[in-house]
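Take a look at the structure set out below.
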Amino acid sequence: MSQITNILVCGVGGQGVMTATEILAEAAISLGFDVKKTEVAGMSQRGGVVTSHLRFGRVVLSPQIVPGEADLLIGFESAEALRWSHMLRPGGIALVNAGRIVPPVVNLGLFDYPEDPVARMRALGLAVHAFDATSLALELGNIRLGNTVMLGACADRLPFPAEVLRDAVLARFGARKPQLVEANREAFEAGRRAVAGEAKAA
Amino acid sequence: MPATQPVPAAARLFLSGNDAVARAVWEAGTRVAAAYPGTPSTEILEVLARYPDLYTEWSVNEKVALEVALGASMVGARAFCAMKHVGLNVASDALMTITVTGTEGGLVIAVADDVGMSSSQNEQDSRYWGRFAHVLVLEPADSQEAYAMTLAAFDLSERLKSPVILRLTTRICHVKGVVQTGGRSEHEPAGFVKDPRHWVMVPGNAKPRLPSVFQRETAARAEAEASPLNFRIDGSDRRIGFVTSGPTFMHVRDAFPDAPVFKLGLSCPPPLESLRAFAATVDTVLVVEETEPLLETEMKAAGIACHGKDVLPRIGELAPDVLEPAVRRLRGEAVPEPEHVPPQQVFPRPPTMCVACPHLGVYYTLSQMRNVLIAGDIGCYTLGAGHPWNALDSCISMGASMGTALGMDKGRGKVDENKKVVAVIGDSTFMHMGMQGLLDITWNRGNVTVLLLDNRAVGMTGGQDNPGTGRDIHGEETQRVDFARLCEALGVKKERIRVVDPYQLPVLFKALREETKIEEPSVIITNRPCVLIDHYEPAKSYLVEEDRCTGCGNCVEVGCPAIHVTRRDKEVKASGKEVDLSFVRIETSACTGCGLCVQPCAPKAIVHAQPVQSIQSVQFVRK
Ligand code: SF4
Ligand code: SF4
């Protein structure tokens, strides 16, 4: 990876994209990196597109990732991952939740949801690790564990030990909801395992 | 005293530009801070309200917020107000006179421009107001600078006895970076000095003060030339020297690390002599400013040759991916096609209303009405302009639905003769700027039916309080406005004011039909809270009984994001007409049981479900 690590997190408003990026940022800060994080917020809270850019390194100037320069694309929703694929650099990795969130415009029949977004991404020559993080979170008992699952999935692809990220996740939830610490630890490891298997298969 | 949050000691914190401004406002010893929520500026006051030792408020609009801040400044206190770009248009009436009175206690106005238009009705450059009002404009480039420049702004304001505009952009407000902070220093107000020639702006007093505006501008020019907020970085590649203001500095440094850069922090008035000296050290000067060519024009007028909007876009952000090709073109180099993955076509995903939003019922009802002209307004209910309702014919600015509706009523000709005029407005918007419009409607006998959607929150910006919620910025109880009586006081007849439940579609429909028929101003107030505010209580969720669903699609037309089409089909009617069918499923975990979709379902296919799991929908979770 280059001097600066560029991570793009994308999804749908309300999925916890911003919180997940915030936790990644906290992990990077704890290691002494300079960090900048930006997102397209505004009305995204109401089911719109959300993207969050995270850059860290020795010194970070612009907060925005230039298209074609993301090292890691973390897609919380499959169609959104496809929408932002052009942000990945050659050789970058996409971690994608295969779960879908279908918007009203698709339900109304005005647009089609892409057939198989992950396959389309692979056809573009991208390295994609996909798994159904939403179902995994539901199996663990709470759909809101989905973002911890996604963080677990990217933990072994960061320029720092996975444990640093795990501790940042647990610290965040430990402070707010101590009763959820164990569930989050499990979700994190489940995400990690999910892509470890995928990686071998790919 | 307001609820306080523990204030961390001087530390290295990870702050957004908004957080950083708030922190600095507190550290500067400010006593009074006011704002009206508006993306991307909202969080400044939200954060500030959690600090101790200062008074904070949501004002009903930006003009009032600025007036509150000015009052505090008059008595010698440090004062602050925040707004988004369009808010400064509202506050401009006060601003243009403050420029003449000047200020006592430091007065800083943070204005957040939505460069890139993530959530606004226009993209405007607030730096113009600095020129127009002859006040200083500071432009930070990231969170650390937002913090430092806020502190500097208070000093400048007190030194020059002038308000100072802190121009932020979305890319400052919502970007987080590492900030080195300090502690609070107290600023005891000097006290009010009675002096009508200073504060009472009748012509006789204002005229003698006018020269002071220009004296101040001369002093400000000297400040700008000497200010450490304006500096240059010498680079090794002297072909192009960049003049930057605001966040473009970071983009330029990132994209062209070897180029000389003149960084403007105090950009109005511009330090023209320093810029002239800089220009002499490079082959070509390129001014990189978002969004209007202000500095470029001023430099050219001063005889400094430069490029700017001839190569750079006038719309949107000037991020590295925009700068690089533009600079290549300026250098006469070819612009190569990027080698990476091309952008993919995916369906649009516009923001939509929340599951069970009380506005759903209103827009469903409006979309069922024929022959109506609907003047819309700014807020969550603007989303009614989108699918499936397509129920807004206009949306201009805060409160404009009232006046536009009256104008539609008075101006319509033969073609629109049979149409009814409806204006839609939210509770907070109504108090922000709508009341005067309604007064105009009643006074001038407009035939307009006003839908006042009282959801007891400023919904779009995250559910802030307003005089209609009965709570202040700290969530503490205060008087609550009575909209029915307020409308009556504004001249609407008592019998023409109705309060209806927007979840009861037939009642709402009937009220609308009746009120639009009567040729008088009328108001229909809806009374259900925004589902994102804390005390919204979900009811038992619903599901669709598959064997009963006829696929009529009526429930889809309500527009609730919890309803999903599972299968589409076509049916040929006896008449030979082909109809599209949509069979549906309700996302039970997202459904909160508002019951809206149940009402248009003729075969009664939508029934209560046993809660599958008690988790709220992803659309719902309040951060
Ligand atoms: S935030 Fe409130 S008002 Fe806005 S769409 Fe959601 S429920 Fe409706
Ligand atoms: S309104 Fe009733 S019958 Fe029509 S699609 Fe919806 S659930 Fe099926």
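Note that the coordinates shown come from a computational prediction; the quantities given were computed from them, not determined experimentally. Throughout, a chain's letter reflects where its sequence line sits, starting with A, and its residues are numbered from 1.
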### Message
Please identify, among A:Pro63, A:Gly146, A:Gly16, the residue contributing the most non-hydrogen atom pairs under 4.5 Å to chain B.
### Response
A:Pro63
### Task
Start with the C-alpha gap between B:Arg349 and A:Glu77, add the side-chain angles, then the distance that decides, and say whether side chain to side chain contact (heavy atoms under 4.5 Å, CB included) holds.
CA-CA 12 Å; B:Arg349 199 191 283 274; A:Glu77 200 275 346; 3.1 Å; yes
### Message
So which residue, B:Glu557, B:His251, B:Gln345, B:Arg253, ends up with the most heavy-atom pairs under 4.5 Å with chain A?
### Response
B:His251
#### Entry: Per-residue contact mode, B:Cys380 against chain A (heavy atom under 4.5 angstrom)
side chain
### Message
Minimum heavy-atom separation for A:Asp112 and B:Phe347, please, with both atom names.
### Response
O-CD2, 3.6 Å
### Summary
The reported gap from NZ in B:Lys176 to CD in A:Glu26 (rounded to nearest 0.5 angstrom) is 7.0 Å
## Note on the structure
From the list B:Cys357, B:Ser582, B:Ala255, B:Pro388, the residue making the most non-hydrogen contacts under 4.5 Å with chain A is B:Pro388
### Task
Identify which part of B:Glu339 has an atom lying under 4.5 Å from any heavy atom of chain A, answering side chain, backbone, both or neither.
neither
### Query
With a 4.5 angstrom heavy-atom cut-off, which part of A:Pro104 approaches chain B: side chain, backbone, both or neither?
side chain
### Query
Distance from A:Lys36 atom NZ to B:Asp254 atom CG, nearest 0.5 Å?
8.5 Å
## Note on the structure
What one should report as the nearest heavy-atom pair of B:His387 and A:Leu108 is CB-CD1, 3.6 Å
### Task
Select one option (side chain, backbone, both, neither) describing which atoms of A:Val106 are under 4.5 Å from chain B's heavy atoms.
both
### Query
So which part of A:Leu110 gets closer than 4.5 Å to some heavy atom of chain B, the side chain, the backbone, both or neither?
side chain
### Message
Heavy-atom count check: over 12 atoms from other residues, nucleotides or ligands less than 6.0 Å from B:Glu337 CD?
### Response
no
### Task
Could you have a look at A:Val59, A:Val66, A:Val35 and say which one has the most heavy-atom pairs with chain B under 4.5 angstrom?
A:Val35
#### Entry: Minimum heavy-atom distance between A:Val102 and B:His564, given as atom pair plus value
O-CE1, 3.4 Å
#### Entry: Nearest-0.5 Å distance that lies between atom NE2 in B:His174 and atom CD in A:Glu39
7.5 Å
## Note on the structure
To the nearest 0.5 Å, atom CD of B:Gln344 lies from atom CE of A:Met121 at 9.0 Å
### Query
Can you tell me if A:Arg83 uses its side chain to pair, donor with acceptor, with the backbone of B:Pro348 under 3.5 Å?
no
#### Entry: Separation between CE of B:Met250 and CD of A:Gln64, rounded to the nearest 0.5 Å
12.5 Å
### Query
Among B:Val175, B:Val556, B:Asp142, B:Asp321, who wins on heavy-atom pairs under 4.5 Å with chain A?
B:Val175
### Message
If we ignore hydrogens and angles and just use 3.5 Å, is the side chain of A:Asn107 paired with the main-chain N or O of B:Val565 as donor and acceptor?
### Response
yes
### Message
Could you walk me through whether B:Val341 and A:Met87 satisfy the side chain to side chain contact (heavy atoms under 4.5 Å, CB included) test, starting with their C-alpha distance in whole Å, then the side-chain angles of each, then the deciding distance to 0.1 Å, before giving a yes or no?
### Response
CA-CA 8 Å; B:Val341 174; A:Met87 296 300 288; over 6 Å; no
### Query
Checking B:Pro40 against chain A: side chain, backbone, both or neither under 4.5 Å from a heavy atom?
neither
### Query
Which bit of A:Phe33 comes within less than 4.5 Å of chain B, counting heavy atoms only: side chain, backbone, both or neither?
backbone
